[in-house]
Amino acid sequence: MAERLQKVMAQAGVASRRASEKMITEGQVTVNGQVIRELGTKVEPTDHIEVNGTPIDSKEKLVYFLLDKPRGVVTTNSDDKGRQTVMDIVDEPERVYPVGRLDYDTTGALLLTNDGDLANKLMHPKYRIDKVYVAKVKGIPTNEELEKLRHGVTVKTVQNGRHYTFNAAPAHAEILSTDKKKHTAIVKLTIHEGKYHQVKEMLKSVGHEVIKLTRERYGMLDLTGLTPGEYRPLRHEEVQALKSGRQFRKSAGRW
Ligand code: URA
């Protein structure tokens, strides 16, 4: 597919799109041996592009970011209601997309990448990546209710007027704290699946509505050093660990 020259340069990691445009108008860029100064120029994947005599590697650089998703942001490419998306926050030359989803009102660890192979692998339940959620719920779950979550619950729900039933696999479930006056509790739930509203539905199925939800950890990636709305690139060893399926356990303990 033909793409604008400055976009291809940015994706190849030459420079930002704006800086690439400047390089084009200054005559630093050739396409198939011809100097190109026009910004509208489109190039094909087979075209040979050089910047100051150095060929660019037009294969997009693979990038990986961990975002602390804030509340009130959608995890989709674009939103028909014009709401802010996670892609608006992660402002990078490469086009990254989120690995799985967090609800509009859920905060926490969200991985974004342009590495489709890794994204597919991580989203497969077979890969058993730990997703650690911390939920504030109405009421105080009993031991019996927690045991149900630990054995796996059947969720029956209605979404957009349609009835759904799914079995949620056994989860690690524990109470972190309780507020007897307000009659609320903070519950930690570790799951490997990513069904629609899974944590909210699991807790609802044992009688507890979620008031607030954060994903505290995704695999070995926790929120240390980030505040909601901030993101950081993954370190090389973190990418390697995700690829190999190794998971380091630690917790940022925001609650
Ligand atoms: N489970 C939910 O209910 N919501 C999320 O955003 C993630 C997991």
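Since the structure is predicted, the reported quantities are computational estimates derived from the model, not experimental observations. Both ligands and their constituent atoms are indexed starting at 1 by order of listing.
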>> So, regarding L102 and ligand 1 (criterion: nitrogen or oxygen to nitrogen or oxygen, under 3.5 Å), is there a contact or not?
In response: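 No, L102 has no N/O under 3.5 Å of an N/O on ligand 1.
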>> Any nitrogen or oxygen of K200, side chain or backbone, less than 3.5 Å from one on ligand 1?
In response: yes
Of all the atoms in ligand 1, which lie at a distance below 4.0 Å from a heavy atom belonging to [X]?
X    : result
H197 : 1 (N), 2 (C), 3 (O)
T106 : 4 (N), 5 (C), 6 (O)
Y133 : 7 (C), 8 (C)

> In terms of residue, atom name and distance, what is the protein heavy atom nearest to atom 1 (N) of ligand 1?
Replying inline: V199 N, 3.1 Å
> Closest non-hydrogen protein atom to atom 6 (O) of ligand 1, residue and atom name please, with distance?
Replying inline: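 The answer is D103 N, 2.7 Å.
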Would you name the heavy atoms of [X] and [Y] that are closest together and state the gap between them?
X    : Y    : answer
P170 : H151 : CG-O, 3.6 Å
P233 : F65  : CA-CD2, 3.6 Å
K243 : K121 : O-NZ, 2.9 Å

>> Does only the side chain of L213 get under 4.0 Å from ligand 1, or the backbone, or both, or neither? Count heavy atoms.
In response: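 It is the side chain that touches ligand 1; the backbone stays farther off.
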>> Check for me, please, whether V86 and Y97 land in the same ILVMFWY cluster - side-chain distances under 4.5 Å, paths through other members count.
In response: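 In one cluster with V86: Y97, yes.
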> Does H208 reach the main-chain N or O of K138 with its side chain, forming a donor-acceptor pair under 3.5 Å?
Replying inline: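 It does hold such a pair.
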> If only atom types and distance count, is the side chain of T184 paired as donor or acceptor with the main-chain N or O of G139 below 3.5 Å?
Replying inline: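 The answer is no, because no donor-acceptor pair under 3.5 Å joins these two groups.
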